[in-house]
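All values below were derived from every heavy atom in this structure, side-chain atoms included, with hydrogens, water molecules and symmetry-related copies excluded. Only a predicted model underlies this, so the values are computations on that prediction, with no experimental measurement involved. For ligands, and for the atoms within them, numbers begin at 1 and follow the listed sequence.
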Amino acid sequence: MQIPSHIAHDRIRDFDIYQPLREGLDFHHSWKALQDSDVPDVIWTPRNGGHWLVLRGRLVERVLSDYSCFSSHTVLVPKETAGVAYRLLPLSLDPPKHAPFRKLLTSGLSPQAVTRVEDRIRALTVSLIEGFQAQGQCNFTHDFAEQLPIRIFMQIVDLPEGDMPRLKYLADQFTRPDGSLTFPQVRQLFHEYIAPVVTARRGGEGADMLSRMINGEVNGRALTDDEAANLCIQVLVGGLDTVVNFMGFVMLFLAENPGERAMLASAPERIRLATNELARRFPLVVVGREVRTDMEFEGVKLKQGEMVVAPTPLHGLDETENANPFHVDFERGEARHSSFGSGSHTCPGAHLARTEVRILLEEWLARIPDFQVAPGFKVEYTGGIVGSVNELRLVWQVPGHAARPLSR
Ligand code: HEM
């Protein structure tokens, strides 16, 4: 592509946020390698329509939260395709317009609302684990991570479990597109799915999260059908993919680190706080903002309408924010990160996500305190708006059965 004339040569790097992986490195070390390479803190890449990238934690936090300079009208690149297709609610609105729409979804995800489903989360967690515990092995991704958060979420929004594969596929095409659909097609298919749900629940008495959003008010008026659909799609995209992938990274870490595994297994009361350190160490989300007006920023000229991508992995893993950032330190006092965002759009699902991971660790470690990656299994990753461990196969010893070879 033509490189705009205001972009200095020393700022240009060829980097594709959808293909960040470097040979031999995992998702997080690949992003970190960009931060550690000899580049300025703000660079520009011609990929994905051409956009800026900030590479330091303080800048990630600033870009995500300073809406006076950086608008969330567009959060994905390429701006003209993914960005336009992803203009959902409330993410695409800046304060003060953002608040009344956000209010419609926060009550369904509040700590009180999560407490109401905690027993169900625990019961499903236990039944999934006990379903494969005696086998001494599982495909963690398929048998657990793609089951628990999605099934709980489908209950919260009162959609049939049978729709899970279709919705998960669509959510994945926004966050890690495999080329099978264009961004406008993903948006269209989401709309075709959700429009009849909006119609059916409009005016109803349903207590589920979608019904309450659809029948809510903004500034004293009812939502339009389009607004209701855009809110619902945002919640579906946020809820269907992120926790699944976060769990994959956490369990891979514990499978490979016996010391940390033993520490949490022997002191389960530490798991609650540990989830914050795990969120710092395993950030997944890579989103951006649109520049509001021409401005000087960290020594570069930004032009109105340009995109600035703020990769959350580069906040928690920035050593100027957290000493020894790759070390998971459950004693770390303050873990600084933007793993759940920063500012007015900070993830409203964070409490649900942390609760699900906490319960997973409590119930798993009580039953399977020792486990490893299956011998010979090669762990692979995919980058994108939400990074992922593609698949994770785990093994453990079952008392009374012949010991499995446990090392990789
Ligand atoms: C580990 C799990 C999760 C991670 C890492 C995560 C991360 C994030 C991040 C970084 C943002 C901010 C995006 C931005 O500023 O542009 C965000 C926003 C959002 N997330 Fe999450 N999320 C997670 C789980 C969830 C869940 C379970 C739900 C819903 C059930 C959810 C729903 C949302 C919504 C609706 C927004 C937009 C909020 C707004 O615009 O005010 N997320 N999330």
Side-chain angles (χ1 to χ4, degrees), residues 60-67 70-77 82-83 86-110 113-114 117 121 145 148-157 159 167 171 174-175 208-210 213 230-250 275-276 278-290 307-316 337-358 360 385-388:
V60 170
E61 193 173 356
R62 160 111 193 258
V63 169
L64 291 181
S65 58
D66 182 356
Y67 59 86
F70 304 103
S71 169
S72 65
H73 183 235
T74 318
V75 297
L76 301 193
V77 293
Y86 200 80
R87 284 202 186 122
L88 300 173
L89 293 171
L91 196 51
S92 64
L93 294 178
D94 294 314
K97 286 188 180 159
H98 166 252
F101 286 93
R102 171 151 171 135
K103 206 165 153 226
L104 293 176
L105 59 82
T106 43
S107 67
L109 295 168
S110 68
V114 175
V117 290
I121 298 174
L148 179 101
I150 302 185
R151 282 165 68 173
I152 292 296
F153 180 74
M154 295 300 268
Q155 289 178 18
I156 292 174
V157 292
L159 289 173
L167 289 175
F174 260 138
T175 53
D208 65 279
M209 188 177 169
L210 294 192
M213 281 170 14
N230 283 339
L231 259 180
C232 293
I233 296 170
Q234 176 75 76
V235 170
L236 295 182
V237 176
L240 283 170
D241 190 37
T242 44
V243 192
V244 175
N245 293 307
F246 182 45
M247 283 178 168
F249 282 109
V250 168
T275 58
N276 192 39
L278 291 166
R280 177 201 68 76
R281 171 63 182 81
F282 299 104
L284 316 161
V285 175
V286 178
V287 281
R289 295 288 188 260
E290 187 177 337
M307 289 298 297
V308 183
V309 168
T312 68
L314 296 187
H315 189 179
H337 63 81
S338 300
S339 305
F340 289 108
S342 179
S344 53
H345 296 281
T346 298
C347 180
H351 188 70
L352 174 62
R354 285 201 179 97
T355 302
E356 289 177 339
V357 172
R358 170 173 60 80
L360 158 65
I385 302 305
V386 180
S388 76

*Out of A350, G288, P348, who gets a non-hydrogen atom closest to atom 34 (C) of ligand 1?*
P348
_Atom indices of ligand 1, in the order listed, that fall short of 4.0 Å to a heavy atom of R102_ = 38 (C), 39 (C), 41 (O)
*Of all the non-hydrogen atoms in the protein, which one sits nearest to atom 11 (C) of ligand 1, and at what distance?*
F340 O, 4.0 Å
*For P90 and ligand 1, answer yes if some heavy atom of the residue is under 4.0 Å from a ligand atom, otherwise no.*
yes
*Options G108, G387, S65, G238, ranked by nearest heavy atom to atom 25 (C) of ligand 1, top entry*: G238
_N245 and ligand 1 - part of the residue with a heavy-atom distance under 4.0 Å_ = neither
*For atom 24 (C) of ligand 1, find the nearest protein heavy atom and state the residue, atom name and distance (0.1 Å precision).*
T242 OG1, 3.1 Å
*Evaluate the criterion side chain to side chain donor-acceptor pair (under 3.5 Å) for residue pair R354 and N276; output intermediate values, then yes/no.*
CA-CA 8 Å; R354 285 201 179 97; N276 192 39; 3.3 Å; yes
*Among protein heavy atoms, which sits nearest to atom 27 (C) of ligand 1, and what does the distance come to when rounded to 0.1 Å?*
V243 CG2, 3.7 Å
_Contact atoms of ligand 1, heavy-atom distance to L109 under 4.0 Å_ = 29 (C), 30 (C)
*Indicate yes or no: at least one non-hydrogen side-chain atom of L159 is less than 4.5 angstrom from one of L236.*
yes
*asked:* Is the distance between the ring centroids of Y86 and F174 under 6.0 Å?
replied: yes
*Are more than 12 heavy atoms from other residues, nucleotides or ligands located less than 6.0 Å from atom CZ of F101?*
yes
*Check the pair S72, D94 against side-chain contact (heavy atoms from CB on, under 4.5 Å), reporting the backbone distance first and the verdict last.*
CA-CA 6 Å; S72 65; D94 294 314; 3.4 Å; yes
*Which atoms of ligand 1 sit under 4.0 Å from any heavy atom of V285?*
7 (C), 10 (C)
*Determine whether V287 and L64 make a side-chain contact, defined as any pair of heavy atoms from C-beta on separated by less than 4.5 Å.*
yes
*asked:* My understanding is that we take every heavy atom of each candidate and find the minimum distance to atom 7 (C) of ligand 1. Doing that for G343, S339, G341, which one comes out nearest?
replied: S339
*Check step by step if side chain to side chain donor-acceptor pair (under 3.5 Å) holds for S71 and R289.*
CA-CA 5 Å; S71 169; R289 295 288 188 260; over 6 Å; no
*Do any N/O atoms on H98 end up under 3.5 angstrom from N/O atoms on ligand 1?*
yes
*asked:* Can you give me the closest heavy-atom contact between V75 and L91, atom names plus distance?
replied: CG2-CD2, 4.0 Å
*For residues V60 and P311, report the shortest heavy-atom separation together with the two atoms involved.*
CG2-O, 3.5 Å
*Quick one: which of R354, H345, R289 has a heavy atom closest to atom 16 (O) of ligand 1?*
R289
*Starting from atom 20 (N) of ligand 1, find the nearest protein heavy-atom neighbour and note its residue, name and distance.*
C347 SG, 3.3 Å
*Element-labelled atoms of ligand 1 that are located less than 4.0 Å from some non-hydrogen atom of F246*: 1 (C)
_When you measure from the side chain of S342 to the backbone of S338, do you find a donor-acceptor pair of N or O atoms at a distance under 3.5 Å?_
no
*Could you tell me whether the side chain of V286 reaches within less than 4.5 Å of the side chain of T312, counting heavy atoms only?*
no
*Atoms of ligand 1, numbered as shown, that sit under 4.0 Å from any heavy atom of Q234*: 35 (C)
*Verdict with supporting geometry, L360 and L148, side-chain contact (heavy atoms from CB on, under 4.5 Å)*: CA-CA 9 Å; L360 158 65; L148 179 101; 5.7 Å; no
*Shortest protein heavy-atom distance from atom 29 (C) of ligand 1, along with the residue and atom involved*: G239 CA, 3.7 Å
*Check ligand 1 against L91 and write out every atom of the ligand that is under 4.0 Å from a heavy-atom position of the residue.*
14 (C), 16 (O), 40 (O)
_Numbered atoms of ligand 1 (with element) below 4.0 Å of A353, judged on heavy atoms_ = 1 (C), 2 (C)
*With atoms numbered from 1 as shown, which atoms in ligand 1 lie under 4.0 angstrom from a non-hydrogen atom of F153?*
30 (C)
